[in-house]
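These notes concern the structure reproduced below.
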Amino acid sequence: MQNRGLKPRVSQKLMVAQIARTIGAIQQTSEGERNGDNHICVVEAGTGTGKTLAYLLASVPIAQARKKKVVVATATVALQEQLVMKDLPQLIADAGLVVRYSLAKGRGRYFCLSQAERHLEDQNELGQIALYEDEIARKLDPVVIDQYRTLLNEFAAGRWDGDRDTLSDAIDEDVWRPLTSDHLQCTNRRCPHFSICPFFQARQALDSVDLIVANHDLVLADLSLGGGAILPDPSDTIYIFDEGHHLGDKTTGHFAYSMRVRGSQRWLSKTTRTLNKMLQDCGGHIVLTDYVQKLSTPFSDMETSLEQLQLLLDGMFRERIGSGEKRFRFAQGVLPLELQDVCSGLAGSAEKVVAKFEQIVDVLKEAMDGELADIPRDVAERWYPQVGILLSRAQSVYWLSRSYSKADPQGKSPTARWISALDTADGDDMECRSSPVSAADTLREHLWQVCYGAVLTSATLTALGSFSRMSADLGLPDGSSYERLQSPFDFYSCGELYVPAMKTDPKTPDQHTEEVAEYLEEHLPKMTSVLVLFSSWRQMFTVLERIPDSIKNNVLVQGDLAKHEIISRHKKQIDKDEASIIFGLASFAEGVDLPGSYLTEVIITKLPFGVPDDPVDATMAEWIEMQGGNAFEEWAVPMVSMRLTQATGRLLRTEQDRGTITLLDRRVVSRRYGRKLLDALPPYRRNFA
């Protein structure tokens, strides 16, 4: 460590001790199973603590001694790459530990050759596999087809490894998604491209390693499958959730469901034709024919329920749609009884459809294994992923309708439920959506009760200086240990928090955006390395249009390029002693590491309050109020505190960094809650005009 000029950090040593004390004290049976609930360690450690090496040093030796696996889960690709490329090799070199490790990502990050070839060979099949018909036109666009060919050629030539995160240019989600697979579509070892599949190439080493670097979504996907399906068994795993402040949102998002009503009706009407075509290709196989015939009744029941649902929603919301409303939230997540009844019937028939599709999938698997002589293997391979998509779609209908069919249990946090009005290529549609407002119950059942041990860490886990909000949101066990460690940085000397004399309030967004544009037009020409954080796409693009080309030419805008490419180009500009300005939103407010001269100015356009009409936040607020609390004080302000701390944390990444944070929102000094927000920030030198 001393050879690289690093200094001992007291907070890092304390973090190692706290984690080792918690994990090392876990009691276990003679079979190696955990005994007791004192197995969760929560550590908020300020920037510069050296969190990564601390939790690796504390957890890996104990895990190896107890024959457990370590899964490090992050929220960002950047931190995953830092772990694999820098931190783990450093740990091995400096600590003398022998650690075998591997990076794991979900299938959705990898290119599927079979899917790409299928699209390029027979574009007519795109209509069969699209989730919604209004997606078809985009997928058949010649520009998109050219992108598919380019990606396939780049992979074939060895110039690209098939990982979405290594693409230099950002790719639209609607373009990328058809080129990926999931566990319902992938034929695994039966696929002719299995030996060169990017996903399985990356996944091969997981069984033989001590430590797996993953992301929160992959851990949650594994837990939703019962645990041990993708990653090691939870009972034999010590989980480390870096960037742990994301875990709650990731969990609620993972268990959020949606269904388009008319889109589902159109999909259902096409599915019978698709299955009949499959039967023809499979030679009218007797078992498959029986399964398809038995789908007739539940299909009919689904059609009836969807028609009833459409009529019911039309009656409820026709006038509101006519007045321009696009989203309708059910207060407290409670649906009218007639809507619950219709969805209950839909859930019952959809569940039967799911069961039959699963049986069809099993038959196709047997055929791909050569166990059914009367279904050619190549035919089964062609139909397996398409039936997998049908199964996935039926599951979506089932999950959403089940969520709408019954009230939430008394005493537990509610589910947010809302309807969105959509304008699609095939006309108007309504999308039913639901999402839990709290991750507590889900994590308690699927993670904390079953894992061997867990560590949550981040620079921002407390809200207004307390762990209570996070602990409640995540449902942490009573025996969990908590530690808050200060950063070793001299914030007062190195960083200034400046609040200029703004004339407008963000509650008048158009006027405030105009003043933000004026401020940036005046001050950006004097700055060289800047990160400007906006609250919305609309505000960012409005300001971008407003500023002159002399400034705009130096601006790198989120959405134009992949995040890592923006960072790379920004650094190259600074290295050439040229000005560079990044315009970004929430995803640039964390996980961006630009030390030294790469970032000397952070400009935050407004306090990062959530969207006022967000259905999940609104339902949570109602629940807090029903329990006698104050939603603004107990929910909105603590969330702002965490986000603001994250955003200001972009400035100082090393002890040598210097710079200014400018907040273009005077509510931090004019509102009563502003004092709480300021007190929760690191002790920057303050300059309030």
Side-chain angles (χ1 to χ4, degrees), residues 11-29 33-46 49 51-52 54-60 62-63 66 68-75 216 219-220 223 227 234-252 411-413 436-486 634-635 638-639 641-642 645 680:
S11 55
Q12 187 180 53
K13 293 178 180 179
L14 291 172
M15 184 172 178
V16 172
Q18 180 71 7
I19 295 173
R21 187 182 303 116
T22 302
I23 301 300
I26 294 174
Q27 300 294 314
Q28 61 182 29
T29 66
E33 297 178 354
R34 173 176 57 81
N35 186 13
D37 287 329
N38 300 329
H39 60 300
I40 311 295
C41 182
V42 182
V43 182
E44 179 182 84
T49 299
K51 293 185 289 294
T52 308
Y55 63 61
L56 291 174
L57 278 170
S59 63
V60 170
I62 295 174
R66 298 194 176 188
K68 305 298 178 185
K69 300 275 191 176
V70 175
V71 171
V72 179
T74 77
H216 295 178
V219 171
L220 292 167
L223 295 173
S235 63
D236 290 322
T237 302
I238 297 170
Y239 295 94
I240 298 173
F241 292 99
D242 204 336
E243 302 172 308
H245 58 285
H246 280 295
L247 186 58
D249 287 341
K250 290 287 186 181
T251 303
T252 55
K412 291 191 175 182
S413 59
V437 301
S438 171
D441 295 328
T442 298
L443 290 175
R444 191 180 295 114
E445 177 183 354
H446 295 286
L447 180 56
W448 312 134
Q449 291 180 359
V450 296
C451 72
Y452 183 81
V455 175
L456 285 92
T457 187
S458 171
T460 49
L461 289 176
T462 59
L464 303 176
S466 170
F467 284 105
S468 59
R469 181 77 265 167
M470 185 216 67
S471 179
D473 291 343
L474 300 185
L476 292 171
D478 291 339
S480 302
S481 66
Y482 299 86
E483 187 71 42
R484 191 181 187 198
L485 303 172
Q486 298 301 317
E634 297 177 28
W635 175 255
M639 292 302 102
S641 175
M642 294 182 70
T645 302

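All residue numbers refer to positions in the sequence shown, counting from 1. From a predicted model like this one, the values you see are computed outputs, not experimental measurements. Side chains included, hydrogens not; waters and symmetry mates left out as well; all remaining heavy atoms used.
Here the closest non-hydrogen pair linking Leu476 and Met470 is CD1-CE, 3.5 Å. Ala439 and Gly248 get closest at one heavy-atom pair: CB-O, 3.7 Å. Contact between Gly24 and Ile62 at its shortest, heavy atoms only, is N-CD1, 3.8 Å. Of all heavy-atom pairs spanning Met15 and Ala45, the tightest one is SD-CB, 4.0 Å. The two atoms that bring Glu634 and Arg469 nearest to each other are O-NH1, 3.0 Å, heavy atoms only. Ile26 and Gly453 get closest at one heavy-atom pair: CD1-CA, 4.1 Å.
At least one donor-acceptor pair under 3.5 Å links the side chain of Thr457 to the backbone N or O of Val43. Under a 3.5 Å cut-off, the side chain of His39 and the backbone N or O of Gly479 do not form any donor-acceptor pair. Listed for the Arg484 side chain is no donor-acceptor partner under 3.5 Å among the backbone atoms of Gly46. Between the side chain of Trp448 and the main chain of Ala454, no donor-acceptor pair closer than 3.5 Å is present. When atom types are taken as modelled, the side chain of Thr252 and the backbone of Asp249 share a donor-acceptor pair closer than 3.5 angstrom. Under the 3.5 Å distance criterion, the side-chain polar atoms of Arg34 are matched with a main-chain donor or acceptor of Cys451.
The list of ring-ring contact (aromatic ring centres under 6.0 Å, His included) pairs with a residue in residues 465-484, not counting sequence neighbours, reads Phe467-Tyr482.
Using modelled atom types, one finds no donor on one side chain facing an acceptor on the other under 3.5 Å when comparing Thr251 with Thr442.
Atom NE2 of His216 is separated from atom CG of Asp242 by 7.0 Å, given to the nearest 0.5 angstrom. Residue Leu14 holds its CG atom at 11.0 Å from CD1 of Ile19, rounded to the nearest 0.5 Å. Between Glu44 atom CD and Thr645 atom OG1 the span is 8.0 Å, to the nearest 0.5 Å. Separation of atoms CD (Glu483) and OG1 (Thr22) is listed at 9.0 Å; rounding is to 0.5 Å. Remark: Gln12 CD to Thr52 OG1 distance equals 9.5 Å, nearest 0.5 Å. Note that NZ of Lys13 and CG of Leu485 are 13.5 Å apart. Values are rounded to the nearest 0.5 Å.
Among Glu33, Lys69, Arg66, the single residue meeting the side-chain hydrogen bond (donor to acceptor under 3.5 Å, both in side chains) criterion with Tyr452 is Arg66.
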Would Trp635 and Val437 satisfy side chain to side chain contact (heavy atoms under 4.5 Å, CB included), going step by step from the backbone distance to the final call? CA-CA 12 Å; Trp635 175 255; Val437 301; over 6 Å; no
Could you walk me through whether Ser59 and Val455 pass the side chain to side chain contact (heavy atoms under 4.5 Å, CB included) test, one step at a time? CA-CA 9 Å; Ser59 63; Val455 175; 5.7 Å; no
Between Asp37 and Asp478, is the side chain to side chain contact (heavy atoms under 4.5 Å, CB included) condition met? List the steps. CA-CA 8 Å; Asp37 287 329; Asp478 291 339; over 6 Å; no
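Counting heavy atoms from C-beta outward, Phe241 and Leu447 have side chains that approach closer than 4.5 Å. Within the 4.5 Å cutoff, the side chain of Pro638 has heavy atoms near those of the Leu464 side chain. Contact of the Tyr239 side chain with the Leu247 side chain is not registered, since no non-hydrogen atoms from C-beta on lie closer than 4.5 Å. Between Asp236 and Lys68 there is a side-chain heavy-atom pair separated by less than 4.5 Å. Side chains of Leu474 and Leu456 form a contact here, defined as non-hydrogen atoms less than 4.5 Å apart.
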